[in-house]
Amino acid sequence: MIVGSGFTGFTCARRLSRILRRRHDDVDITVISPVDYMLYTPLLPDVAGGVVDARFVAVPLANALKGVRLVRGRVEGVDFAQRSLTYCDLERRQRRMSWDRLVLTPGSVTRLFDIPGLAEHARGLKTAAEALYLRDHIVEQLELANIEDDPRVAAARRTVVVVGASYSGTELVAQLRALADAAAKQMRFDADSVKFVLLDTAEQVMPEVGEKLGKAALKVLRRRGIDVRLGMTLKEVHADHVVLKDDSRIDTHTVAWVTGVTGAPLISDLGLPTEKGRLKVQPDLQVPEHPEVFAAGDAAAVPDLTQPGKITPPTAQHATRQGKVLARNVAASLGHGTAKEYKHRNLGLVVDLGPHYAVANPLNVHLSGFPAKVVTRAYHLYAIPRPVNRWAVSLAYLTDALFARSVVSIGLSSQDDAQFSTSEGIPLPKIS
Ligand SMILES: Cc1cc2nc3c(=O)[nH]c(=O)nc-3n(C[C@H](O)[C@H](O)[C@H](O)COP(=O)(O)OP(=O)(O)OC[C@H]3O[C@@H](n4cnc5c(N)ncnc54)[C@H](O)[C@@H]3O)c2cc1C
């Protein structure tokens with residue numbers, strides 16, 4: 001039983017099914033997840049920016065996981081003694097299933113803080129619903145600004161605040177800027193009237209890519225008119241403005257909160273030891289004292305054997321590789337092959353910063369500008385785990401290179417669909 005269909009669960013299911021088929025072992029593999037696809041999250045900023053269609057970054061499980069049973073539902077509790085779990089199906093009915101081996105890969109959710117109004121008025125970027133909502137909402141705000149009589153309200157509608165300057169927040173603000181520029185051209189208003197503010201408590205943009213590339217990214221963002229404020233975050237969020245830590249006020253109707261992640265809520269409900277909100281596991285991805293339970297990916301605190309004392313960061317790069325080790329070790333627990341410990345040295349990161357620009361440090365080679373853009377797009381095309389999706393994304397890239405961006409708000413995801421509680425399943429924090 002594999003809980004979650006993200007990078008880790010998907011890779012584990014696919015690899016495990018292959019191993020067991022080769023060994024002619026008649027084991028039932030079930031993936032249980034609230035969604036029927038594996039979401040290629042690194043392209044969510046492109047979805048929010050209107051470059052790539054949401055379906056292109058959703059790899060359908062039914063088509064991509066041969067010999068694996070799929071159950072749609074959100075797991076709510078695990079009974080380790082009875083080897084069973086309870087889950088809530090799509091119609092909110094409670095159900096129960098039993099398992100012999102349990103693989104916990106429910107990933108992570110946006111980390112929320114008890115900032116008044118945050119959960120209510122801000123939206124994240126972890127799900128397709130959130131990415132689609134941001135695209136639609138910004139286009140709608142720009143359309144409303146065009147017919148607004150009050151210049152102050154029009155300016156607020158044309159102001160976007162993104163909180164979190166790590167790679168996902170930075171990619172998001174760059175893509176949204178490009179969307180707003182395309183909208184300005186097509187709707188005939190001044191692109192400079194759309195203001196973007198990027199906030200982070202850190203003193204650097206994208207610390208993950210190192211100081212040199214972080215500075216290069218900062219320069220590009222500022223050149224595109226993005227107001228980057230470091231060492232700064234939100235104090236309050238309201239429907240039409242935010243208050244920053246220094247008590248200054250920004251009038252805005254759009255706040256994206258992309259400050260980091262924590263283990264999925266299920267993890268803290270298991271009653272097992274955690275580290276930084278992630279389930280503690282051994283280097284072989286087994287849960288201590290539960291030899292029949294495994295965990296990995298963003299949901300697990302996997303010891304980083306290349307940096308003793310640390311845990312692996314929550315990235316797709318680790319999640320995918322851990323999925324493969326999970327498959328091998330679950331198969332070993334069933335008597336096929338031998339288990340191994342997880343060890344992987346970071347291969348670097350690629351960060352797409354919108355039109356003609358990216359930064360990347362593959363194998364520690366620092367690239368920026370157009371060469372990094374080529375590497376970034378080539379990497380994503382290689383990493384998407386299904387040829388049809390690769391094809392669709394490459395056509396989207398080509399369309400983006402040859403034609404003006406489509407500025408449309410189709411309304412696929414409502415404000416409620418994109419709430420943290422609905423789209424990510426986060427119980428909302430109590431404001432003290
Ligand atoms: C916008 C964005 C951009 C990113 N860009 C990059 C990048 O460029 N490079 C990189 O390396 N990493 C990137 N990441 C990080 C990467 O997405 C994660 O590290 C990766 O998704 C972790 O994989 P996972 O399988 O652990 O979790 P996920 O991919 O989050 O999958 C978790 C799965 O579990 C399901 N689930 C959750 N709760 C339950 C439950 N209770 N019951 C059943 N199923 C459940 C979810 O629906 C989902 O299917 C990015 C993340 C985001 C949000």
Side-chain angles (χ1 to χ4, degrees), residues 1-13 30-49 57-59 61 70-78 85-89 97 102-111 124-131 134 162 164 166-172 175 206 208-209 256-270 278-279 295-300 302 312-323 326 344 346-352 358-360 376 379-380 383 423-426:
M1 177 77 68
I2 299 169
V3 178
S5 61
F7 282 85
T8 326
F10 176 86
T11 311
C12 172
T30 300
V31 170
I32 174 162
S33 175
V35 294
D36 55 5
Y37 52 83
M38 177 266 180
L39 186 65
Y40 189 80
T41 46
L43 290 184
L44 283 181
D46 298 60
V47 174
V57 299
V59 176
L61 303 180
L70 306 170
V71 173
R72 271 188 86 174
R74 191 177 287 278
V75 175
E76 294 188 324
V78 177
L85 57 77
T86 48
Y87 71 97
C88 189
D89 74 12
M97 278 196 296
L102 180 67
V103 179
L104 293 164
T105 64
S108 56
V109 292
T110 302
R111 186 158 22 109
L125 185 72
K126 279 285 288 172
T127 64
E130 290 169 332
L134 281 174
V162 176
S166 65
Y167 59 83
S168 44
T170 308
E171 283 187 320
L172 175 67
Q175 286 296 350
M206 296 194 297
E208 310 93 330
V209 293
W257 179 259
V258 201
T259 57
V261 294
T262 183
L266 172 66
I267 296 303
S268 56
D269 295 341
L270 294 174
R278 302 166 75 185
L279 183 61
D298 283 12
V302 177
T312 57
T315 63
Q317 192 182 130
H318 281 291
T320 306
R321 285 169 177 81
Q322 286 170 7
L326 275 175
H344 167 67
N346 190 13
L347 295 177
L349 208 62
V350 295
V351 185
D352 194 332
V359 294
T376 301
Y379 173 76
H380 287 314
S423 65
E424 297 186 36
I426 309 178

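Start at 1 and go down the list; that is how both ligands and their atoms are numbered. This is a predicted model, so every value here is computed, not measured.
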Any atoms of ligand 1 less than 4.0 Å from a non-hydrogen atom of Ser168? List them with their elements. 1 (C), 2 (C), 3 (C)

Counting from 1, what ligand 1 atoms have a heavy atom of Ala319 closer than 4.0 Å? 22 (C), 23 (O)

Closer than 4.0 Å to some heavy atom of Arg74 - which atoms of ligand 1 meet that? 38 (N), 40 (C), 41 (N), 42 (N)

Closest heavy-atom contact between Ala319 and Phe7? CB-CB, 3.7 Å

For Thr110, the side chain to side chain donor-acceptor pair (under 3.5 Å) test, sequence neighbours excluded, returns Glu424

Taking 4.0 angstrom as the limit and counting only heavy atoms of Ile32, give me the atoms of ligand 1 inside it, by number and element. 43 (C), 44 (N)

Roughly how far apart are Thr11 OG1 and Arg321 CZ, rounded to 0.5 Å? 10.0 Å

Plane angle bin for Tyr40 and His380 - parallel if under 30°, tilted between 30 and 60°, otherwise perpendicular: perpendicular

Would you mind finding which of Ser166, Gly263, Pro34 brings a heavy atom closest to atom 47 (O) of ligand 1? Pro34

Rounded to the nearest 0.5 angstrom, the CG-OG1 distance for Asp298 and Thr315 is 7.5 Å

Run down the list Pro42, Ser423, Gly124, Ala48 and name the one with the heavy atom closest to atom 8 (O) of ligand 1. Pro42

Write out the residue and atom name of the closest protein heavy atom to atom 28 (P) of ligand 1, then the distance separating them to 0.1 Å. Gly6 CA, 3.9 Å

Out of all atoms in ligand 1, which are within 4.0 Å of some heavy atom of Val3? Include the element for each. 42 (N), 43 (C)

Do Pro314 and ligand 1 have an N or O pair less than 3.5 Å apart? yes

Contact atoms of ligand 1, heavy-atom distance to Lys126 under 4.0 Å: 30 (O), 53 (C)

Side-chain H-bond candidate by donor/acceptor type, Thr105 with Thr8, under 3.5 Å: no

List in chain and number order the residues that pass side chain to side chain contact (heavy atoms under 4.5 Å, CB included) with Ala256, two or more places apart in sequence or in another chain; answer none if no residue qualifies. Leu134, Val162, Leu172, Val258

In the protein, which heavy atom is nearest to atom 21 (O) of ligand 1, and how far is it? Phe7 CD1, 3.2 Å

Between the side chains of Ser168 and Lys126, does any donor sit under 3.5 Å from an acceptor? no

For atom 34 (O) of ligand 1, the closest protein heavy atom turns out to be Gly4 CA, 3.2 Å

Under 4.0 Å, heavy atoms only, figure out whether ligand 1 is touched by the backbone of Thr105, its side chain, both or neither. backbone

May I ask whether Gly425 places a heavy atom under 4.0 Å from ligand 1? no

How long is the gap from CZ on Arg278 to OG on Ser268, to the nearest 0.5 Å? 14.5 Å

If you compare all heavy atoms of Val302 against all heavy atoms of Ala296, which two are closest, and at what distance to 0.1 Å? CG2-CA, 4.3 Å

Can you pull out the closest protein heavy atom to atom 52 (C) of ligand 1? Residue, atom name and distance to 0.1 Å, please. Thr41 CB, 3.9 Å

For ligand 1, which atoms, with element, lie under 4.0 Å from some heavy atom of Gly297? 26 (O)

Nearest-neighbour protein heavy atom for atom 27 (O) of ligand 1, which is reported as residue plus atom name and distance: Gly107 CA, 3.2 Å

Hey, what do you get for CG (Leu44) to CG (Leu39), rounding to the nearest 0.5 Å? 5.0 Å

Of the backbone atoms (N, CA, C, O) and the side-chain heavy atoms from C-beta on, which set of Tyr167 has a member under 4.0 Å from an atom of ligand 1: side chain, backbone, both, or neither? side chain

I'd like to check whether Glu171 has a polar contact with ligand 1, where a contact means an N/O of the residue lying under 3.5 Å from an N/O of the ligand. no

Stepwise, does the side-chain contact (heavy atoms from CB on, under 4.5 Å) test hold for Asp89 with Arg72? CA-CA 6 Å; Asp89 74 12; Arg72 271 188 86 174; over 6 Å; no

What closest approach, in Å, do Ala360 and Val350 show between heavy atoms, and which atom pair accounts for it? CB-CG1, 3.8 Å

Among all protein heavy atoms, pick out the one at the shortest distance from atom 39 (C) of ligand 1; state its residue, atom name and that distance to 0.1 Å. Pro106 CB, 3.8 Å

If I apply the N/O under 3.5 Å rule, does Val75 come out as touching ligand 1? yes

Testing the 3.5 Å rule here: is there a donor-acceptor pair between the side chains of His344 and Gln317? yes

Who gets closest to atom 1 (C) of ligand 1 by heavy atom: Thr8, Leu347, Leu125? Leu125

With a 3.5 Å cut-off and no angle check, do the side chains of Gln322 and Thr312 form a donor-acceptor pair? yes

At what distance is the nearest protein heavy atom to atom 18 (C) of ligand 1, and which residue and atom is it? Asp298 OD2, 3.4 Å

Atom indices of ligand 1 within 4.0 angstrom of Gln317 heavy atoms, with elements: 11 (O)

Short N or O distance, Ala316 and ligand 1, threshold 3.5 Å exclusive: yes

